[in-house]
Each structure stands twice: as structure tokens, then as C-alpha cells.
Amino acid sequence: MYGLIDCDSFFASCEQVFRPDLRHSPVIVLSGNDGCVIALTREAKALGIKRGIPYFKIKKEIECHHIAVFSSNFTLYGDLSSRVVRMIMNRADEVEVYSIDEAFINLIGEKDPISFCSRLRREIWQGVNIPVSIGIAPTRTLAKIATDFAKHYKGYEGVCLIDTDEKREKALRLIAIDEVWGIGRQLSKKMALYGIKTAWDFTQKKASWTRKNFKIQGLRTWNELQGISCLDAYSPAEKQSICTSRTFSHPIADVELLAERVAVFVAACAKKLRFQNGVSDTLTVFIYTSRHQQDQPQHQEAFPVHLETATNDTLELTHMALQVLRHIYRKGYLYKKAGVIVSNITSSNTVQQNLFDKINRPQRLKLNQAIDRINEKLGQNTIRLARQGNGEWGSKSELSSPHYTTQLDEIMRIK
DNA sequence: TCTGGGGTCCTAGGACCC
DNA sequence: TCTGGGGTCCTAGGACCC
């Protein structure tokens, strides 16, 4: 049996932790640049607001209904997420942290999973003030569905168990096929062509038919829905690729300004690489003009380069990235987004040495680590490459809540 | 004016090898 | 006349997730 612990409207709930006055109110959280809605409370949903909708399109409704709006504050969400995870780990042995707001636990051998999960749910609420819903079922995909029921039907009191074929059939008949984990837009369109509307319809097809039409992924989902577990444990351990990118609040035409941004992205990637003790030998730089303005000249390019020696050195990666940028940059275009990806990541313990390497790597590593330590203590960007500019983003995020839990001077004051 | 950011896995097709 | 077949590796692109 798997349990899935899923935080309710997580980002919005995080904002409510420090704003109890907003507890039962409509609250929305915006993406970077205050672009679009990425999280919203039940009350906001009831007013017709949808995830993904651009902020500027709903400003009227927001005013009219007094909806509380926040720019995203990922430092806060990350911190509260790790507190929730710690509480789960206190109670369960096998915990798979699947995303910032979800974790699976193994409930095999648990005699009374419902009271176990109800207790856990109460503890998380008391300890972190984050509401969670928990679904319990023999596979992860069914546990997801159980969580859906736990969230949407009050009678479950936040915990829903699917442990018999009767319950499974009842649940699957109520779940539309596009709500199933692993079935996205394209696949549900295709399912519709075959008359499949609910998860139950899908399970009535034959395995061979499923394999033929929906390949291995489809068959896996099909099996999971039958109650046969076949998804591997998600291991968040080491990332295979790391990406840092941003959409700019104002488009950038100047290559030097772009270079500044790209240098910042590289530094972020390199830092994350060192943090997981990894090195990368493939560096990709990409720049995009705005897809939403088709009347303007469009240029989208992502250019990967292979490095002789896998590295996590900020200086070396920056040097390469800027060369790539100058190679793909075209004058006269207004770039709206850029980013850097480091991929093919391996452990830094197993780096293939290059006989003709001109860089003193042990020395460089010490330098990078010293920079990381100083920035950790005195704030991001205290020490940075001149290429990174003054560290100002030019990205819009006007409605952010304070970093209540990670910045001493932003800690909550009680009058 | 204004539409996120960060990941994973799978597949098809080409290059290359014997 | 007749022009193989099977395997591996790599990459780009698509689809999915939160």
C-alpha cells in the first residue's frame, strides 16, 4: 500500500501560514514576473479563477472579489516544504519526496492505514500549519486518485483509502481519463477517439491493445489502474540535468545585457552542480523571442556544446556559455527569455582527467567553495563575476511576502 | 504593457560498426 | 539480374509531471 501526502494549494497555503487573517479567503500566487496564476485556494477557484491564467486578464475580478495576491516566494515554500517532509519522515520509514508539495510513503504492514494517516495529517497541521490530503491505494497512480477524492469530498476528512476492487471501480468510473496521472492533453485526445472517457473505460481495454496504441507508458498507467504497481520509486537523489532560466519583464536586444543574464544563470547552475557534488560535460545556452508576439521577428535557438572535461567551475562554464551566446545571438531580435542547462551530470569523484588540461582543478574547486561559503553567509551575489553585472534582475515581483523563515530581518514581529 | 520554471522519460531516426 | 542484417549509441523532439 502506498500513501500519497499532498499539500492543499501548497503555495497559497504557505502564504496563509503567516497571514491567518486570509485563512478562508481567496488567495492566489503568481509566477515569476507576476505573469500568471500558479496556485490558488479553493475559495479562489470557486470564483472562477483558473491555474495558468495571465494575471493582467483577471485584475478586475481580483479587485472586485478582494482576492489576496502574492508574487511567488520560493524560498519560503522550499523551507515550509522541508518542514513538512521532516514531519513525515518522523513517522514513516520509506518516504519518496516526489515534488515540493507531494510525498509517497510505504504503508505495507500498517494495520490501520486510515488512522495512521489521519494522525499524520493532524500532526502536520499542528506542526507546520499546512493542510494536506492523503490518498492510500495499492499503486501510486491509484493513490493519486484517492488523494483527489480526499481533497474534493468533505466526508473523507482528508484521507481516502482505495483497498478493494469495488472501491477501485467506483473511483475509476468517476475519474475522467485526463485526470489520470500520466495522461496529458495529447493522450486524452487520442483516448477520446477510441471512446475512452473515464479511467474505468481505459481499464476495460486489453493489455495488448494498450501496448500497441499507447506504448510502454500507456501500458504502465493501465497496469497501475488495475492495481498492479509498476512505477519505479522516484529517487530525487542526483539530478541528471540542471536548468536555470528566466523570462524577462522587458525584452532584451543588447548582447552585452544578455551576456550578463546568461552569466548569472551559469553561476546558479554551477552552484547547484557543486551542491550535489556533480560535474557536467554538456552546456546548453538558449535564447527565445516572445512566442506571444508573432508579429515580431522570431528566433528560438538552443545550442549545446560538449566540454572536454566535465566541470562545475563557474569561471570555466561562464567562459564557454558566453562564447555560445555570441554564436547564437542575432542582432535585431527582442529576446524575452534565456537560460542555461548543464546536463550529462556525473559525480565529481569520477571525473575523467584530461592530460592536457590547462586548469588547476583542485585549486579552482577550493576557490568556488570559498565563494559558495561566503555567499551562503553574507547573502547571494556578495561575491560574483563582474560579468554578472550588479545582480539586479529587472524581473517583476512586486507582491512578494517576506522571507519569514530564512531572513533574520524579515522575521515576523508580534506587536 | 502583461502568458513560469524546473525537471523526467520515451521514441524515432541517423550514424556507425561488424 | 541480384546490393544484408543486426546491433549500439546519440540526439532531437515530444509528452508528461508539479
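Letters go in sequence order (proteins before strands), and every chain restarts at 1.
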Is A:V29 touching bases, backbone alone, or none of the nucleic acid, heavy atoms closer than 4.0 Å? nothing
With a 4.0 Å cut-off on heavy atoms, is A:T244 in touch with a base, just the backbone sugar-phosphate, or nothing at all? sugar-phosphate
Between A:F214 and A:W222, is the ring centroid distance below 6.0 Å? no
For residues 210-221 of chain A, which residues have at least one heavy atom under 4.0 Å from DNA chain B? A:K215, A:I216, A:Q217, A:R220
Return the 5'-most residue of the pair A:D34, A:S245 with respect to DNA chain B, ranking by each residue's nearest nucleotide. A:D34
When you look at A:E110 and A:M1, which way does the side chain to side chain contact (heavy atoms under 4.5 Å, CB included) test go after all the steps? CA-CA 9 Å; A:E110 181 56 53; A:M1 277 295 189; over 6 Å; no
Indicate, with yes or no, if the rings of A:H299 and A:Y288 have centres closer together than 6.0 Å. no
By the Watson-Crick or G-U definition, both distances under 3.5 Å, B:dT11 is matched with C:dA12
Touch class at under 4.0 angstrom, heavy-atom based, for A:L30 against every strand present: nothing
Polar side chain donor-acceptor pair, A:T247 to A:N33, under 3.5 angstrom: no
For C:dC18 versus B:dC2, give the span between their C1' atoms, rounded off to a whole number of Å. 24 Å
Hey, does A:K336 reach any base, or is it just sugar-phosphate, or nothing, if we go heavy atoms under 4.0 Å? sugar-phosphate
Most 5' of A:I242 and A:H292 on DNA chain B, judged by nearest nucleotide: A:H292
For A:S25 and A:E43, test the side chains for any donor-to-acceptor distance below 3.5 angstrom and give the result as yes or no. no
Base, sugar-phosphate, or nothing: which does A:K144 touch, judged by heavy atoms less than 4.0 Å apart? sugar-phosphate
Indicate yes or no: does A:R387 engage A:E256 in a salt bridge with an N to O separation below 4.0 Å. yes
Using a distance-only test with no angle check, is there a side-chain donor-acceptor pair under 3.5 angstrom linking A:N312 and A:R361? no
Pair A:F70 + A:F11: ring centers closer than 6.0 Å: no
Give the first and the last nucleotide of DNA chain C, reading 5' to 3', that has any atom under 4.0 Å from a heavy atom of chain A. C:dA15 to C:dC18
Got a donor-acceptor contact below 3.5 angstrom from the A:D6 side chain to the A:V132 backbone? no
